[in-house]
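Below is one structure, written out as structure tokens; comments come after it.
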Amino acid sequence: WHPPPAQLKLSKALWPRPSSASAMWLWPKCAAALLLCWAPPCSSRAAVAAATAGEAWAPALERILGEAEDEQKEVQGKEAEFTEKDDAESGAGEEVEKEGEAEKGEAEKEGEAEEGEALEGEEGEEGEGEEGEEEEEVTVVDISTGCMLVGGVSFVMGLFRIVNWEDDDVRRYAWKVISDTMSIFMGVLFFQGNNMALNKLLAKEACHHRTLIFAHFAHCCLYLAGLFLVIGYRSGVFNEDAKAWAEKNVEQWRVADAMLHNYGKKVDEEHVRACQRKDEETKVSVYVCPETGMEITVEKAFLELEERKREIRCWATLLAHCAGFAAIAAGGTLQQHSPFKHSPLLTLVPVAITTVLLHLVFQVTTLMRKRLQGEAKADKNRTGERVGMLVEACDEAEVDIVALMLSFLCVQSLRFALTGQLPNEEGAEEPLRFTVTMGHAYKIWACGAIFITLAVTFPSLAEKLLHKFSHRQHEEEAKEEEPLRSGANKEKEEEPSWLSKLIESIAGALAMSSAWCLMWGARYSWMASEVVNISVHKISARIILALLLSGVAVFVVIWLDKVADANESSTKVVGTIVAAVSLMVGFAWEHSFDGAVSDVAALSHDHPRTAKFCLGLVVVAVLLEPWQKYILKKVVQLEDLKKKRDSKSKLVKSDSETALLDQNH
């Protein structure tokens, strides 16, 4: 409610002016003024009455106040007399008090200065303590985790860069290095799990070392038998007749756009424009997606044949690595016993024994393959493609097995000669009985350079000698043999001779030996270096070493590709060196992966071997399918691209030479 202007004016007139005489009756006028301002009109008369009553009480209140003021003045006079007497008595002691206060002030100042210094010292100690606490908060685990994060992201980005390089050869080399690393890693994990179970079983029986060596050879033969059966089954030789294979092995349209998720998948022919216009000769066309109407590039290909080749290569590579490591275990165990372990030269005898035994086993599988080839030749309905896939995969696997075994065991003997200590079956000098110096690293690196030189020159020299002494025999066999089939899809079914396979095995062993030498030389240089204080057996040291070797491999591959582009005749040499470098990277990462699995399995204090075996199987199961579907598939595609490019370049070159001859004529 808002009061009218007349009422506001009356309230201002009633508001009292403060004075000593009117202090006691101020509140009635204040209350009246407030009532006039804020009370509703019905209470205005009551407020005016209260103000009038206050004015009537004023004379009595002024008389009471006057008497109180007189009494107060008398009391104040008496107090003044007492204070003058006290001042006169205390005048003499004031000077003494002033001097005491001055001394006390100086003492207080000195005390404050000392307290300030003490406080500064405490604050400094607290600051140093806080800094020390902050430094202690950064642990080794934090530093390792940070390095892993930064290094992992950088490494992944580097992989993206190298696998998308502008040069097709560099991309092929990069994918091959990744594929070899994954295959070696999975092969080692699978083999070590089975080998630990075998050793545990033999340890319970307290077997003799001869029984252990025989068990390792039997383990290797088991992988070879599995290799032959798996490849024969997946190729269709054992479980499929010729009619069923003929129905599956036909050209089909597939997606040719690598940016799509269904790249390489089969498409419906009804929506392919070449099929709509009934053009059977066209190999590349356009597929119109019925759902989205999007136009997709498609091509014709033998999808079933390509898929089987890829799966056969996957299992052949994996089982060949397992068989190779089993052969290494057999030969390495033989090297550790008398009389071979007493001399570096004598340690080469188990290498020869293992090689002979492997070739005897290979002769058995060769006879079985020849029998399958004879059955294919006798059946007119068969083209020999499936047997050809079996023969080719088994030959490559046998060469890899012998090369892997020869390279590892020969480098074991070489390290024994350089250091005076024979490494154990796994290649480690435990316990270390010599002082590692940079001289050991330089010597084994020099041996690696010799091995790579021999790997480049040996195959051509061996082929020339072989061709020279067996030229007549080959001519007689060529006259007697008749072609099995004619056509573009004909597979070569002739079984290569054991001598040519031995030459390939030795060439591969030389390349792998150079890879082993490079890797062990890097480990020796790490152990001899005073800059790095991390043990080479630690997982962090293994990872750093693998990263360094991977970086060196990238620069070497790029440089070798430039050499190959400048000189086409050096393509085979470059391919051999790149294969050795890729194996070096694969072996380095294999050591890192093996250490990582062992460290994780060590968390199980009661059953570490069982934990490692189970963890290895889980890792292999997780990595196998992505490696086969994506990494190995990319390697095969890039190799096919190189073959097509080389064949086209040869045709262009022959056509240009023919045109020049025609012009001259």
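Throughout, residue positions are numbered sequentially from 1 according to the sequence presented. Predicted model only: the values in this text are computed from it and were never measured.
- Between E307 and K266 no salt bridge is recorded (no basic side-chain N to carboxylate O distance below 4.0 Å).
- Applying the salt bridge (Lys or Arg N to Asp or Glu O under 4.0 Å) test to E166 and every residue at least two apart in sequence or in another chain returns R161.
- Residue A455 comes nearest to A507 through the heavy atom pair CB-O, 4.1 Å, listed as atom of the first residue, atom of the second, then distance.
- With contacts defined as side-chain heavy-atom distances shorter than 4.5 Å, the pair F458/I503 qualifies.
- For the residue pair T366 / E398, no side-chain donor-acceptor distance below 3.5 Å is found, with atom types taken as modelled.
- From K633, atom NZ reaches atom SG of C314 across 14.0 Å, with rounding to the nearest 0.5 Å.
- Atom CG of L303 and atom CG of N249 lie 10.0 Å apart (nearest 0.5 Å).
- Taking the salt bridge (Lys or Arg N to Asp or Glu O under 4.0 Å) definition, one finds that R542 meets it with nothing, sequence neighbours left out.
- The main-chain N or O of E280 is found under 3.5 Å from a side-chain atom of K300 such that the two form a donor-acceptor pair.
- Contact annotation: the side chain of D168 never approaches that of K642 to less than 4.5 Å [non-hydrogen atoms, C-beta and beyond].
- Closest approach of T282 to W253, counting heavy atoms only: O-CH2, 3.5 Å.
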message: Between V554 and I558, is the side chain to side chain contact (heavy atoms under 4.5 Å, CB included) condition met? List the steps.
response: CA-CA 6 Å; V554 169; I558 295 174; 3.9 Å; yes

task: Apply the test salt bridge (Lys or Arg N to Asp or Glu O under 4.0 Å) to residues R313 and E396: give CA-CA distance (whole Å), side-chain angles for both, the deciding distance (0.1 Å), then the verdict.
output: CA-CA 9 Å; R313 183 170 178 176; E396 292 179 355; 5.8 Å; no

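- V387 approaches V237 most closely through the heavy-atom pair N-CG2, 4.0 Å.
- Across all non-hydrogen atoms, the minimal contact from S514 to G448 is CB-O, 3.4 Å.
- Smallest separation of non-hydrogen atoms from A403 and G508: CB-C, 3.7 Å.
- With contacts defined as side-chain heavy-atom distances shorter than 4.5 Å, the pair M405/T355 qualifies.
- Residue pairs meeting the side-chain hydrogen bond (donor to acceptor under 3.5 Å, both in side chains) criterion with at least one member in residues 182-191: none, sequence neighbours excluded.
- Here Y223 contributes atom OH and L319 contributes atom CG; the two are 8.5 Å apart, rounded to the nearest 0.5 Å.
- M186 pairs in a side-chain contact (heavy atoms from CB on, under 4.5 Å) with only one of the listed residues (T317, L318, T181), which is L318.
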- request: Start with the C-alpha distance between S550 and W589, add both sets of side-chain angles, then the distance that settles side chain to side chain contact (heavy atoms under 4.5 Å, CB included), and finish with yes or no.
  value: CA-CA 9 Å; S550 301; W589 281 108; 2.8 Å; yes

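- To the nearest 0.5 Å, atoms CG (L390) and CE (M368) are separated by 9.0 Å.
- Contact check for F238 versus F228: side-chain heavy atoms found under the 4.5 Å cut-off.
- Between F191 and H219, the distance separating the two ring centers is shorter than 6.0 angstrom.
- Counting only distance, with no hydrogens or angles, the side chain of D241 and the backbone of A244 share a donor-acceptor pair below 3.5 Å.
- Contact check on D561 versus R172 returns no salt bridge, with no Lys/Arg side-chain nitrogen under 4.0 Å from an Asp/Glu carboxylate oxygen.
- More than 12 non-hydrogen atoms from other residues, nucleotides or ligands lie less than 6.0 angstrom from CZ of F185.
- For E269, there are no salt bridge (Lys or Arg N to Asp or Glu O under 4.0 Å) partners two or more places apart in sequence or in a different chain.
- Every side chain to side chain contact (heavy atoms under 4.5 Å, CB included) that C221 has, sequence neighbours left out, goes to V361.
- In this structure the side chain of C322 never reaches within 4.5 angstrom of the side chain of L227, judged on heavy atoms.
- With rounding to the nearest 0.5 angstrom, the CG atom of D400 is 10.0 Å from the CD atom of E504.
- For an aromatic pair to be called close, the ring centres must be under 6.0 Å apart, and F587 with H591 fails this.
- Put simply, the side chain of T354 reaches to within 4.5 Å of the side chain of F217, judged on heavy atoms.
- In this structure, the separation between CG on L632 and OG on S179 is 5.0 Å, given to the nearest 0.5 Å.
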- prompt: What do the steps show when you test R386 against W245 for side chain to side chain contact (heavy atoms under 4.5 Å, CB included), and what is the final call?
  reply: CA-CA 9 Å; R386 293 173 296 171; W245 168 245; 3.8 Å; yes

message: Using side chain to side chain contact (heavy atoms under 4.5 Å, CB included), reason through L159 and I178 one step at a time and then give a plain yes or no.
response: CA-CA 9 Å; L159 283 181; I178 297 173; 4.2 Å; yes

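- Contacts of E299 classified as salt bridge (Lys or Arg N to Asp or Glu O under 4.0 Å), with partners at least two apart in sequence or in another chain: R254.
- Judged by distance alone, with hydrogens and angles left aside, the side-chain atoms of Q276 form a donor-acceptor pair with the main-chain N or O of E270 at under 3.5 Å.
- Using a 4.5 Å heavy-atom threshold, the side chains of K370 and Q373 count as touching.
- Closest non-hydrogen pair, V402 versus S505, comes out as CG1-CB, 3.7 Å.
- Of the possible donor and acceptor atoms, none in the side chain of R369 sits under 3.5 Å from a partner among the backbone N and O of C394.
- Classification of K176 and E639 as a salt-bridged pair fails, no side-chain N sitting under 4.0 Å from a carboxylate O.
- Between K283 and E251 there is a salt bridge, since at least one side-chain N of the basic residue sits less than 4.0 Å from a carboxylate O of the acidic one.
- Residues F302 and E385 fail the side-chain proximity criterion, which asks for heavy atoms closer than 4.5 Å.
- Environment of CZ in F155: crowded, with over 12 heavy atoms of neighbouring residues, nucleotides or ligands closer than 6.0 Å.
- By the 6.0 Å contact criterion, OH on Y630 is open, its count of non-hydrogen atoms from other residues, nucleotides or ligands being 12 or less.
- For the pair N164 (side chain) and F160 (backbone), a donor-acceptor distance under 3.5 Å is present.
- Using a distance-only test at 3.5 Å, with no hydrogens or angles considered, a donor-acceptor pair links the side chain of R308 to the main chain of S235.
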